Amino acid sequence: MILVALSADLWAPRLLGSPTFIDTTMTTTMSKMPPSLEHPFGTDSLGRDELVRIIYGARISLSVGVLAMSISLLIGMVLGTTAAYFGGIWDSIIMRATDIFMAFPYVLFAIALLAALGPSFVNMFIAIGIIGWTSIARVIRSIILQVKENDYVSAARALGASNLRIILRHVLPNSLAPVVVYATMGIGTAIISEAALSFLGLGIQPPTPSWGLMIADAQQYMVIAPWLIFAPGLAILLTVLSFTLLGDGLRDAMDVKMTD
Amino acid sequence: MLAYIGKRILQFIPVFIGVTLILFFFRAVVPGDPIKLIAGEKAMPDAIYEQIVKANHLDQPIYVQYGYYMKDLFHGDLGTSYQRKTPVVDIFAKKLPYSARLALCAILLEILLGISAGIISAVKRYSFIDALVTVSTAALISVPAFWLGMMLQMFFGIFLKDATGGVFALPISGAGGPTSDFPTWMHYILPATTLAAVSLAYTARIMRSQLLEVLNADYIRTALAKGLSRRAVIIKHALKNAMIPVITFIGIDFGVMISSAILTETVFNWPGIGSEIVRAIGQRDWPIVMGGVILIVVLIMLINLIVDVSYAAFDPRIRYGKKAGDE
């Protein structure tokens, strides 16, 4: 999937036509053609090949998923680690902050943020990234609370290592496994959120192909062109499923016990 | 117990202030002149413009505006819709029953189907049914619910209608009423199924893994060794203990459901809170967006409190308000 998305520029337009270009002379005849050899998933309402849009949509979905997760990871790791390591007031402040963000339902927060900032690619992965950090922060905090009690941490401190050095060299590497598993599964969730937000018109804007947006576009042609809804949904299903299975596999391989 | 409830309610306060502050910050950065949104794009005399500014406290600094908003909030006033010109509270009072009924139907489905699927696949581990449940739940949690809703619409509303020559079909839009060809209850089937689908899959998975874990416990082996039948052991001993995390999940999930209903309601054109919020976003009707989000957050906090308190009823080992070593 990733390979296909990355290499798309090399071969897809020649074979199947541009994902965004609308040939106005052709729209009436090419519109909403059923799947055929030439267009395996048919064409959409503006005569664009559905397969090529799905391939380019994969780029959007994967990049939103990975970027949003990176933001969550960055915020979550920094806050979670420092909260657990320093404890005290800083810990309580951060835990109350996660309470506040967790009181917001996942979708609702992104919707409110995007409604305020306006829809765009950057705003969207920021919105999705900001909601995701709380669970990462909690996971890493709970692990580090255990890890920092280990003797090698006291030993490092006795040797005069700085806080930063202890965190980066000794604590973090021993706490990463569950975070990696969590992040892999989180990418799948982020992709679903992207589709949902784009579906509501708050995410990716046309003519950029996004799976959620394609489903939204196809909704009105449900009766005459059902394949236009079916194909992008299937793409989401397969992508998210592969991240979930990858997460499952990593969990078993690294022997991480997950609580939720 | 009472002390515990009181403590939990006190914990609401910082969360509530945080949520409203964040929303208020969002409102402050919304592009566009709110006066224009209230009064329309037409030109108006400066005097009237000033009057609207004064009436909405827009000439005050932002923290004063926040103070006014919170004061109104505690008087049960969420402001007035820019577009509909009616109080936000009245609008949601009309929409809330639809959303609540839909969420209740979905929760019922989740409990009935999710738990029984989980139990069956744990008891008959490695059977065909177990494989079916595992695969289908994995697929369900990987799918956006709104897409699933459309698939159901296409199958039950269009394909089945054509296949049976119009004899059998399920309604795919709206919540019934005098203009509908269907009885009202039929309108609930597809939206409730869609809303329940993802949660149902999670419930089944949690139920299965919990039950499998419990079935390995020593006290189950003891009960079996005592000569009790497998059936009696599962029903009397295993289920009770495996249920607790499942109930936790369903309780938390009720809140998630109310918010994810935004998508389901949009797909099925359901006249609930969610579709109202989506409409308001499109028209930049910020009082509705803000009021709706606050309403949902408060609902979720209340539900979580009820779930936490009701634990004690299910699990006598849980005692709130006592510190360890108090006994």
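The chains referred to below are lettered A, B, ... by the order of the sequence lines, with proteins before strands, and numbering in each begins at 1. Here the structure is a predicted model, which is why all the values come from computation and not from measurement.
- Of the options A/Leu237, A/Ile236, A/Val240, a side chain to side chain contact (heavy atoms under 4.5 Å, CB included) to B/Pro144 is made by A/Ile236 and by none of the others.
- For the pair A/Phe199/B/Val267, a side-chain contact is recorded, criterion being any heavy-atom separation below 4.5 Å from C-beta on.
- The part of B/Val278 that comes within reach of chain A is its side chain, from C-beta onward, which places non-hydrogen atoms under 4.5 angstrom from that chain.
- Interatomic distance, A/Ile192 CD1 to B/Trp147 CH2, rounded to the nearest 0.5 Å: 11.0 Å.
- Most heavy-atom pairs under 4.5 Å with chain A: of the set B/Tyr202, B/Phe146, B/Phe16, this distinction falls to B/Phe146.
- Scored by the side-chain hydrogen bond (donor to acceptor under 3.5 Å, both in side chains) test, A/Ser72 finds no partners at all (sequence neighbours excluded).
- Counting heavy-atom pairs closer than 4.5 Å to chain A, the top residue among B/Ile141, B/Ile206, B/Leu263 is B/Leu263.
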